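In what follows, a structure is listed as structure tokens, so that the remarks can point back to it.
Model, not experiment: these values are computed from the prediction.
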Amino acid sequence: MTAPAIVVTDHAFDGMSHERRLAERFGRDLAVHECAHEDETVDAVRDADLVFVNFAPVTRAVLAAMAPGATVVRYGIGYDNVDVAAARELGIRVANVPDYGVDTVADHTVACLLALLRRTAPFTAAVRERGWLTASALGPIRGFAETTVGLVGTGRIGRAVAARLTPFRFDVVAYDPFVAPAHLADIGIRSVSLEELLSGAHAVSLHAPLTPDNRHLIGRDALSAMRHDAVLVNTSRGGLVDEAALAAALQEGRLAGAALDVFDPEPLAADSPLRACGGVILTPHAAFYSVSSLDALQRLASEEGARALSGEPLRCAVA
């Protein structure tokens, strides 16, 4: 009997060298798809015992189509597109790759944050439209040493962001109910409540996983609590932000700017009002991207797949 193929439901890579080596090692075929919807994902994973997934929906129906005891490896950190509760009920293991691109996402986050605070995009637009302008024409710009950055979440990426901000002398505060304030103090981060962070920070950067409890964490009320001269950065999960409420706050001048790398849903709708908002940086879910980070992602995912096929414990099991 032929062993079931290793299945890739969808991906955004230039090649599959790590996955092909894995398939050769275990004498498997490799089936690579471009699934976006549940029905085609069900067909793609039928009877598979190892499935790599990027953004395809891994619903109960998809999981039920897999072989008993199958393993799903999610390319990346977040796994909100996988029905983890259903996986547990069906006896299917799920793993993610939480550490492949920490530095890359942190670099992208800080690049966006600095650009917002220094208003590089509005200055560029103004020079193009007006020919020239005075340095203060767009309003006051605060020095970094007088700027408070609030981090919502202090996992690997949140801490890497804080480390990059320290040399600029930012005051870094954080809201993370799962980390003891003393642990954050040891790395130079002051722990505060979410209310204090929103009302006091000049920049808010999101670094939390998306859960049913924090969907639209940054909604109308949270945005109303923020300073009018504050900026928001989201390189975490699109569902953390109510995009309609954010667009309204930007249009009404209740927020100075935003940088968004993730959206809900993706891609960002062609008619989204965020596209027309001034002072907004939009990147296409690219914070994770560098040549080295993608190679690390595929390598680490394939190594996890090898553990699954060998019957070994998973390194980064989430179910």
Side-chain angles (χ1 to χ4, degrees), residues 6-26 30 32-34 50-56 71-82 94-116 120 149 151 153-168 187 205-210 233-238 259-263 266-267 281-309 314-318:
I6 296 170
V7 173
V8 176
T9 62
D10 62 308
H11 72 93
F13 309 126
D14 290 333
M16 292 266 107
S17 60
H18 291 288
E19 293 84 354
R20 294 194 187 285
R21 282 195 290 271
L22 173 68
E24 291 170 3
R25 174 182 168 187
F26 287 89
L30 178 67
V32 181
H33 302 271
E34 296 181 2
L50 176 60
V51 175
F52 294 100
V53 60
N54 195 11
F55 297 117
T71 299
V72 174
V73 180
R74 202 269 154 172
Y75 285 124
I77 301 171
Y79 46 89
D80 46 281
N81 60 318
V82 180
V94 179
N96 67 342
V97 186
D99 48 357
Y100 77 97
V102 170
D103 288 337
T104 305
V105 177
D107 290 345
H108 189 96
T109 301
V110 173
C112 288
L113 180 63
L114 299 181
L116 285 173
T120 56
V149 177
L151 308 177
T154 58
R156 291 180 178 88
I157 295 173
R159 295 185 185 211
V161 168
R164 284 157 172 75
L165 295 176
T166 298
F168 291 100
I187 55 174
S205 189
L206 306 182
H207 303 286
L210 179 63
V233 179
N234 186 15
T235 56
S236 187
R237 278 290 181 264
L260 305 173
D261 182 61
V262 287
F263 306 91
E266 292 184 352
I281 297 170
L282 302 174
T283 57
H285 205 138
F288 71 94
Y289 176 71
S290 73
V291 173
S292 59
S293 69
L294 284 196
D295 183 72
L297 172 56
Q298 291 181 270
R299 175 180 57 79
L300 291 168
S302 296
E303 289 174 0
E304 194 75 295
R307 294 185 191 94
L309 294 176
L314 300 178
R315 183 179 73 97
C316 299
V318 297

Any side-chain heavy-atom pair of [X] and [Y] under 4.5 Å:
| X | Y | value |
| --- | --- | --- |
| V72 | Y79 | no |
| L300 | R315 | yes |
| E19 | H11 | no |
| I6 | L309 | yes |

Inset, instruction - Go through the structure and list residues passing ring pair (Phe, Tyr, Trp, His ring centres under 6.0 Å) with F55, not counting sequence neighbours. - result: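 With sequence neighbours excluded, F55 shows a ring pair (Phe, Tyr, Trp, His ring centres under 6.0 Å) to H285, given in chain and number order.
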Legend entry - With sequence neighbours excluded, residues passing ring pair (Phe, Tyr, Trp, His ring centres under 6.0 Å) with Y75: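 In terms of ring pair (Phe, Tyr, Trp, His ring centres under 6.0 Å), with neighbours along the sequence ignored, Y75 is linked to F13, F52.
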Inset, instruction - Could you walk me through whether F288 and D261 pass side chain to side chain contact (heavy atoms under 4.5 Å, CB included), step by step? - result: CA-CA 10 Å; F288 71 94; D261 182 61; 5.5 Å; no
Going by side chain to side chain donor-acceptor pair (under 3.5 Å), name the residues that satisfy it together with [X], two or more places apart in sequence or in a different chain.
| X | value |
| --- | --- |
| T154 | D176 |
| T235 | T109 |
| R20 | none |
| E34 | none |

Legend entry - Full working for side chain to side chain contact (heavy atoms under 4.5 Å, CB included) between D10 and V53: CA-CA 6 Å; D10 62 308; V53 60; 3.8 Å; yes
Inset, instruction - Could you walk me through whether L113 and L165 pass side chain to side chain contact (heavy atoms under 4.5 Å, CB included), step by step? - result: CA-CA 10 Å; L113 180 63; L165 295 176; 3.6 Å; yes
Legend entry - Selection residues 100-113 - residue pairs positive for salt bridge (charged side-chain N to carboxylate O under 4.0 Å, His left out), sequence neighbours left out: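 Pairs touching residues 100-113 that pass the test: D103-R164, D107-R164.
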Mind checking the [atom1]-[atom2] spacing from [X] to [Y]? Nearest 0.5 Å is all I need.
| X | Y | atom1 | atom2 | result |
| --- | --- | --- | --- | --- |
| L30 | L22 | CG | CG | 8.5 Å |
| I281 | L260 | CD1 | CG | 9.5 Å |
| L314 | E303 | CG | CD | 13.0 Å |

Quick one: does any side-chain atom of [X] pair with a main-chain N or O of [Y] as donor and acceptor, under 3.5 Å?
| X | Y | result |
| --- | --- | --- |
| E304 | C316 | yes |
| R74 | N54 | yes |
| D99 | V102 | no |

Looking only at heavy atoms, which two atoms of [X] and [Y] are closest? And how far apart?
| X | Y | answer |
| --- | --- | --- |
| A56 | T9 | CB-OG1, 3.6 Å |
| G76 | N96 | O-CB, 3.4 Å |
| A308 | L50 | CB-CD1, 4.3 Å |

For [X], side chain to side chain contact (heavy atoms under 4.5 Å, CB included) partners two or more places apart:
| X | result |
| --- | --- |
| I77 | Y100, I157 |
| S290 | T104, S292, S293 |
| S17 | R21 |
| D295 | H18 |

Inset, instruction - Please identify each residue that fulfils salt bridge (charged side-chain N to carboxylate O under 4.0 Å, His left out) with R156, with sequence neighbours left out. - result: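 Residues passing salt bridge (charged side-chain N to carboxylate O under 4.0 Å, His left out) with R156: none at all.
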